[in-house]
Amino acid sequence: MALLAKIDTFIIDLPTIRPHVLAMATMHRQSMVLVRITDSDGIEGIGEGTTIGGLSYGDESPEGIKLAIDTYIAPLLEQVDLSRVGSVMATIGKYVVSNHIAKCAVESALLDIAGKRLGVPASELIAGGRRRDSMPVAWTLASGETGTDIAEAEAMLEARRHNIFKLKIGKRPVAADVAHVGAIKAALGDRASVRVDVNQGWDEVQADRGMAMLADVGCDLVEQPIARHAVAAMARLSARHAIPIMADEALHGPIDAFAIAANAGARIYAIKIAQSGGVFPAHAVGMIADAAGIGLYGGTMLEGTVGTAASAHLFATFAQLQWGTELFGPLLLTEDVVTEPLTYADFELRVPTSPGLGVAFDEDKLAHFRRDRTTSHHTLQGA
Ligand code: MUC
Ligand code: MG
């Protein structure tokens, strides 16, 4: 039996290495909610809940995630045995609907504690445990400039960091977007897989035109071309085009996963632990996809190191990961708040091996980047 001794939540804001241009927002920084839970045995677990562009991507904001945890989830944690992670999350689910990102942050911290208690990486606590120690990682080209994106992709190939590139489109007219994708694919050729994410930017007519043109320029897949609720239209587009649709915003956990599979709305799922409501529901999304013959891709909410590690532990357990992952979040940031960064090498991310999530806060950096920091006399090197 492990009881709650302490829970602390805080928002940190970290600058991005360059503006990250998406259909709905241009990011100059990433804001993440971090949770630290200490149990009655003194074991500490950490978790992350992150979204993109304030309230422009989804219906949870960093401020709202923190409020949901502090005001509604923390009191529930005072009444349960924290060592039973699935049961704790079921209790939370009974009293807190939706709020998937907040739930994900708390569940990750509990899994971190569970792994540390048992002396095993979090991946060993999910289904049959870890099946792979590293996984392919895509990079998103989203500078907004074709030439800059090509130079960035060349540098990534040269450094053997990424050979899968996702391009963010949907903001400009369809033809201009496709010309941008075509120019990048022509420059990279067979050295890289080029994919696009429209972030719901098109209607069905634009998607019909866009998907046909994208197939012609050698694009490998089209992520969430239209509105997330338009499952019937996703199914019509999937039936009409050979280029596969990957569902992202449409997937908020197992119920959506089942509905999209039943309606043949997508051939690939971008699985995100935050959007699904945690590692366990995201695992269920993966199982539904597998059963339906839908390909798997490990998605990101552009989390920092803690959320990226939690995602990697889950994706390491999937029998199939046909489309790789995009767990590059920490690489988009100029700063980090952990003691040891994750390892990226040979186009892959290595899954941490120490107990729990396998990552730890650097207390000085954390204190420095907390939005609610009270002192500014702490000066970090390079900060
Ligand atoms: C999204 O919609 O997939 C993932 C990678 C990236 O650049 O943005 C995100 C969000
Ligand atoms: Mg997406």
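Start at 1 and go down the list; that is how both ligands and their atoms are numbered. Just so it is clear, the structure is predicted and the values come from calculations on it, not from any experiment.
- A pairwise comparison of heavy atoms in G170 and A23 identifies C-CB, 4.3 Å as the closest pair.
- With a heavy-atom cut-off of 4.0 Å, E303 does not touch ligand 1 at all.
- Ionic pairing of R117 and D39 is present here: one or more N-O contacts between side-chain nitrogen and carboxylate oxygen are shorter than 4.0 angstrom.
- The shortest heavy-atom distance from E223 to ligand 1 is under 4.0 Å.
- For R84, the CZ atom is loosely surrounded, since the number of other residues' heavy atoms within 6.0 Å does not exceed 12.
- Looking at V85, I92, T91 one by one, the single match for side-chain contact (heavy atoms from CB on, under 4.5 Å) with V88 turns out to be I92.
- Atoms of ligand 1 found under 4.0 Å from any heavy atom of H20, numbered from 1 in the order shown, are 6 (C), 7 (O).
- Within the 4.0 Å heavy-atom criterion, neither part of Y297 lies near ligand 1.
- Shown in contact with D248 at under 4.0 Å from a heavy atom are these atoms of ligand 1, numbered in order with element: 1 (C), 2 (O), 3 (O).
- Counting heavy-atom neighbours within 6.0 Å of L3 CG, excluding the residue itself, gives a total above 12.
- The aromatic rings of H162 and F328 sit perpendicular to each other, their planes meeting at more than 60°, with 30° as the lower class boundary.
- Annotation for F258: atom CZ does not count as buried by contact number, only 12 or fewer foreign heavy atoms lying within 6.0 Å.
- Per-residue contacts place K168 under 4.0 angstrom from the following atoms of ligand 1 (heavy atoms of the residue considered): 1 (C), 2 (O), 3 (O), 6 (C), 7 (O), 8 (O), 9 (C), 10 (C).
- When you scan the N, O or S atoms of D248 for the one nearest the Mg ion (ligand 2), you land on OD2.
- Contacts between T300 and ligand 1, counted as non-hydrogen atom pairs separated by less than 4.0 Å, involve both the backbone and the side chain.
- Relative to atom 5 (C) of ligand 1, the option among I52, V21, T140, L22 with the closest non-hydrogen atom is T140.
- Distances shorter than 4.0 angstrom occur between a heavy atom of K166 and an atom of ligand 1.
- Under 4.0 Å from ligand 1, the heavy atoms of E326 that appear belong solely to its side chain.
- With the Mg ion (ligand 2) as vertex, D197 OD2 and E223 OE2 subtend 90°, rounded to 10°.
- Ion pairing of E63 with R371 is present here, as a side-chain N (NZ or NE/NH1/NH2) and a carboxylate O approach within less than 4.0 Å.
- R191 has a carboxylate O that lies under 4.0 Å from a charged side-chain N of E154, or vice versa, which qualifies the two as a salt bridge.
- In terms of protein heavy atoms, atom 2 (O) of ligand 1 is closest to N199 ND2, 2.8 Å.
- Atoms of ligand 1 lying under 4.0 Å from any heavy atom of D197, numbered from 1 in the order shown and given with element: 1 (C), 2 (O), 3 (O).
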